[in-house]
There are 2 protein chains.
Amino acid sequence: MIAQQAAQVVTRSANVLRVLIADDHDLLRDTLQIFLEGEGTFETVCVASYSEAEALVKAGEQFDLVLLDYSMPGMNALEGFHKMRALEGSHRVAIISGTANRDVAEQVLEAGAAGFLPKTLSAKSLVNAVRFMAMGEQYAPLDFMRQEEATPSHPMAERLSPRELEVLEGLTQGKSNKEIARDLDIREPTVKLHVKTLYRKIGASNRTQAALLAKEAGLF
Amino acid sequence: MIAQQAAQVVTRSANVLRVLIADDHDLLRDTLQIFLEGEGTFETVCVASYSEAEALVKAGEQFDLVLLDYSMPGMNALEGFHKMRALEGSHRVAIISGTANRDVAEQVLEAGAAGFLPKTLSAKSLVNAVRFMAMGEQYAPLDFMRQEEATPSHPMAERLSPRELEVLEGLTQGKSNKEIARDLDIREPTVKLHVKTLYRKIGASNRTQAALLAKEAGLF
DNA sequence: TCCTTCCCTACCCGGACGGATAGGGGCCAC
DNA sequence: GTGGCCCCTATCCGTCCGGGTAGGGAAGGA
């Protein structure tokens, strides 16, 4: 264990950064690998699923950075991220995603991720970000983080009061009015009122439509 | 017009294939551009949204192949594809996607697309596919097309009878039992029976949960 | 042939839902 | 203070939903 840590330190001092790339998109893996290894300071290992990545780390492989795709086989959104983080405290883990929104990004960053990389980044920015993170820094693209902060999540959401949003979240989980009332610690008639008013606001005529509209809008 | 067509023919005879790449992922654009132009036989034009792509084509630019991302700004799933196809009969259009399933692929291929490219392809396969399509062939990765054909869309779907699937589709549109009955031309009690039985089969306890489960499973 | 499966229809009932209406309390701006 | 907005509670009513039970007809395999 000490020997391995020492080896890692040597690796770092020699400026050869080991990066594990786990993504089911061959294209992304190929590109990152080519660009990073072209830099001369990176050594990359590529896998196509979360389970392969986990196996490598469990086998004792040392990486300066682990890149996990948000929507890859076995990843289950952020479940894989937390499992990987729990494996070894020393591993720096970052999330890369083509679809996830700002909320997900904030979640992983607050959870101590090395960074969040949307796939809308250019190859150059991506390589820079990977180097930045492998050096121990925390990275997130500022424009991406600001982008959805300006539009407070969604035009639909801003017409709803905070309470109505909480009720709508219950609807998107298939809960009954009674369950929502219990969870929010209010009476059922109140829930029914919020449900009714939010129907008008978002243009739904029943709870299923409301749940689907909220999901389509990317809420919750 | 005739001059433009002639120019295009000359371009083709010189084996320089013009490709328009529309994708909001900078990384994918960079990579495809580098790989394709590295071949020496491609000329690539890159944009990040459907509207930009449409503007270029409307301006009279000629391409041997137009690559459209399934989930880019302004694309609206397949709406952009059909709009682009309607623009000029001569333009070969292909869809590239990181998330779309086999149903979408079959839709676009039946609609006469030049091809369907999942982003799980390797860089090499992708370049080969682009060349293949630019030459006038129709391309789709066989393993991808077979993959979800073996699992008939979803484990959830195969437990449901055809009629139950139709009813479930109605649920995912927020319809009432009465509306579903009218649409399928059956009586409402029959709909209620199908609804009840499909609840048991997919593990839902109300119509909203059923609709959400179906959506999450990628059905409809 | 029987048996199973699927699809259709029908009845019952209790509970949930959708809509309207009528309040009260807290907070803030004018 | 007054008015407005949001949140809370409540009652009434008609409809819809979820669950149970019962049965007939068509199609296909044992």
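Below, chain A is the first sequence line, B the second, and so on; all start at residue 1. Every heavy atom of this structure was used, including side-chain atoms; hydrogens, water molecules and symmetry mates were not.
- Interface residues of residues 178-186 of chain B facing DNA chain C, ordered by number: B:Ile186; criterion, heavy-atom separation under 4.0 Å.
- Phosphate contact (OP1/OP2 of C:dT9, side-chain N/O of B:Arg187, threshold under 4.0 Å): present.
- The side chain to side chain donor-acceptor pair (under 3.5 Å) search around A:Lys201 returns A:Glu164, not counting sequence neighbours.
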Check the interface with nucleotides 28-30 of chain D: list each N/O to N/O pair with the protein under 3.5 Å, or write none.
none

Shorter than 3.5 Å, N or O on both sides, protein versus nucleotides 20-23 of chain D: list them out with atom names.
{"unit_1": "D:dG20", "atom_1": "N7", "unit_2": "B:Lys196", "atom_2": "NZ", "d": "3.0"}

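- Among A:Leu67, A:Ile21, A:Thr44, the one residue that satisfies the side-chain contact (heavy atoms from CB on, under 4.5 Å) test with A:Val130 is A:Leu67.
- Among the protein residues, B:Thr190 comes within range of the nucleic acid bases, having at least one heavy atom under 4.0 Å from a base atom.
- Using a 4.0 Å cut-off between a side-chain N of Lys or Arg and a carboxylate O of Asp or Glu, B:Asp69 and B:Lys119 qualify as a salt bridge.
- In this model, no donor atom of one side chain and acceptor atom of the other lie less than 3.5 Å apart for B:Thr172 and B:Glu169.
- Here A:Tyr199 reaches the OP1 or OP2 of C:dG18: one of its side-chain N or O atoms lies under 4.0 Å away.
- The pair A:Lys175-A:Asp183 meets the salt-bridge criterion, with a side-chain N (NZ, NE, NH1 or NH2) lying under 4.0 Å from an Asp/Glu carboxylate O.
- Here the side chain of A:His194 is nearest to one of D:dA10, C:dC7, D:dC8, namely D:dC8.
- Between the CG atom of A:Leu171 and the C1' atom of C:dG18 there is a distance of 13 Å, rounded to whole Å.
- Distances were taken from every side-chain heavy atom of A:Glu188 (C-beta onward) to each of C:dG18, C:dC17, D:dC16; the shortest belongs to C:dC17.
- With hydrogens and angles disregarded, no donor-acceptor distance shorter than 3.5 Å links the side chain of A:Glu61 to the backbone of A:Val57.
- Per the geometry, CG belonging to B:Leu198 stands 13 Å off P belonging to C:dC6, to the nearest Å.
- Across the protein-nucleic acid pair, A:Leu168 atom CG and D:dC7 atom P stand 13 Å apart, rounded to whole Å.
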Produce the list of close N/O pairs, under 3.5 Å, pairing protein atoms with atoms of nucleotides 4-6 of chain D; give distances to one decimal.
none

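- A donor-acceptor contact closer than 3.5 angstrom is absent between the side chains of A:Arg207 and B:Asn206.
- With 3.5 Å as the limit, one finds a donor-acceptor pair spanning the side chains of B:Glu52 and B:Ser49.
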Salt bridge (Lys or Arg N to Asp or Glu O under 4.0 Å) between A:Glu54 and A:Lys58, intermediate numbers included: CA-CA 6 Å; A:Glu54 190 178 276; A:Lys58 279 186 175 171; 3.2 Å; yes
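- When distances run from any side-chain atom of A:Val195 to the nucleotides C:dC17, C:dG18, D:dG18, the shortest one goes to C:dG18.
- B:Asn177 has no side-chain polar atom (N or O) that falls below the 4.0 Å cut-off from OP1 or OP2 of D:dC16.
- In this structure, A:Lys192 places its NZ atom 15 Å from P of D:dC16, rounding to the nearest Å.
- Across every non-hydrogen atom of B:Leu171 and B:Ala210, the tightest pair is CD1-CB, 4.0 Å.
- Direction of the helix axis in the helix from C:dT1-D:dA30 to C:dC30-D:dG1 shifts by 30° between the two five-pair termini, rounded to 10°.
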